[in-house]
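Remarks on the structure that follows.
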Amino acid sequence: MATPKPRVKVPRRAAAGEIITIKTLISHKMESGRRINKQGSLVPRQIINKFRCDFNGETVFSCDIEPAIASNPYFSFKARVDAGGVFTFTWSDDNGDVYSTQKTIELTS
Amino acid sequence: MKLSRRRALHLSAGAAVLAAIPASLLSAAAADATPADERLQQFTGGRTPLRDKITLTAPEIAENGNTVPVSIHVDSPMNRHSYVEAVTLLAPGNPNPGVITFHFTPNSGSADATTRIRLAKTQTLIAVARLNDGTVFMDEKNVKVTIGGCGG
């Protein structure tokens with residue numbers, strides 16, 4: 001499997017107290033452990049099992065993920081922005097790998 | 001004390017909301033509790049969810065069971081005193097009923113989440129919200145699946 005690539009959409013600016021929408025996507029097959037491959041064998045489970053979004057070090061939103069989440073997991077959620085700073089996004093793979101990306105946001109005025 | 005019309009309507013709406021919850025989901029103590037019932041009980045701590053506050057959005061017909069868009073929204077102030085702590089999605093018709101549990105904080109601003117899920121077959125999807133004070137709410141949507149996706 002190619003290295004999972006995360007893609008995140010966060011507004012560049014927000015007013016203090018504004019609730020923004022964040023969209024995230026990561027390329028990942030999300031093998032459920034129930035698929036039979038062309039050779040007739042069961043492909044073992046390998047999924048992203050956790051996702052977390054932190055802002056300036058504090059967790060804003062997270063999920064515990066099971067194999068029923070579709071391939072290339074997509075999550076959209078909200079965050080209230082009271083100050084400028086950095087959003088950190090982290091995806092944890094069953095195999096122990098962790099993928100991460102960051103986005104900066106500024107306050108308008 | 002005279003029961004105002006508004007108060008009477010409010011009380012009867014509450015009773016109707018409670019009555020709407022499927023009996024099977026409330027009786028997980030019964031010998032034939034399904035895995036979905038058990039998951040529900042674990043999440044709610046045994047409390048009975050009210051059919052209120054949470055809205056589950058899912059298509060009536062899913063063309064492809066491998067990727068079905070679903071959203072949840074919970075009506076909540078999302079401040080330190082009252083916020084949604086978690087929302088879990090259950091797909092009782094999948095080999096494993098658990099789908100995802102979203103964890104929110106007051107910093108979420110609004111208890112909203114959207115994702116895409118796998119549904120093995122036509123079924124009634126369930127979303128349950130738990131607030132920081134332990135109160136639980138639920139909503140459900142029937143989704144017809146034309147081509148099943150492996151739910152795992």
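Just so it is clear: chains get the letters A, B, ... in the order the sequence lines come, proteins before strands, and each one is counted from 1.
No more than 12 heavy-atom neighbours from other residues, nucleotides or ligands sit within 6.0 angstrom of CZ on A:R52.
For the pair A:A68 and B:G98, the tightest heavy-atom approach, listed with the atom from each and the gap, is CB-O, 4.0 Å.
Relative ring orientation between A:F75 and B:F102 is described as perpendicular, the plane-to-plane angle rising above 60° on a 0-90° scale split at 30° and 60°.
For chain B, the nearby parts of A:S71 are the backbone and the side chain; heavy atoms of each come within less than 4.5 Å. Looking at A:D82, there are no atoms closer than 4.5 Å to chain B (heavy atoms on both sides), in backbone or side chain. Contact annotation for A:E58: only side-chain heavy atoms (C-beta onward) come within less than 4.5 Å of a heavy atom of chain B.
Proximity of a side-chain donor or acceptor of B:R116 to a complementary backbone N or O of A:P73 within less than 3.5 Å is not detected.
Note on B:L131: it clusters hydrophobically with B:I72, by side-chain heavy-atom contacts below 4.5 Å among ILVMFWY residues. Hydrophobic clustering keeps B:L89 apart from A:Y74 (ILVMFWY residues linked when any side-chain heavy atoms are closer than 4.5 Å, directly or through intermediates). No chain of hydrophobic side-chain contacts below 4.5 Å, direct or via other Ile, Leu, Val, Met, Phe, Trp or Tyr residues, connects A:F87 to A:L25. Both A:V10 and A:Y99 are part of a single hydrophobic cluster, where members link through side-chain heavy atoms under 4.5 Å apart.
Of the listed residues (A:G17, A:C63, A:C53), the one with the most heavy-atom contacts under 4.5 Å to chain B is A:C63. Taking chain B as the reference chain and counting heavy-atom pairs below 4.5 Å, the highest number among A:I65, A:I19, A:V60 is found for A:V60.
B:I100 CD1 to A:I69 CD1: the interatomic distance, rounded to the nearest 0.5 Å, is 4.0 Å. Put simply, CG on B:N66 and CE on A:M30 are 12.5 Å apart, with the number rounded to the nearest 0.5 Å.
Salt bridge absent: A:E66 and B:R118 never bring a charged side-chain N and a carboxylate O closer than 4.0 Å.
When the heavy atoms of residues 105-115 of chain B are compared with those of chain A, the residues falling under 4.5 Å are B:T105, B:P106, B:N107, B:S108, B:G109, B:S110, B:D112, B:A113, B:T114, B:T115, listed by number.
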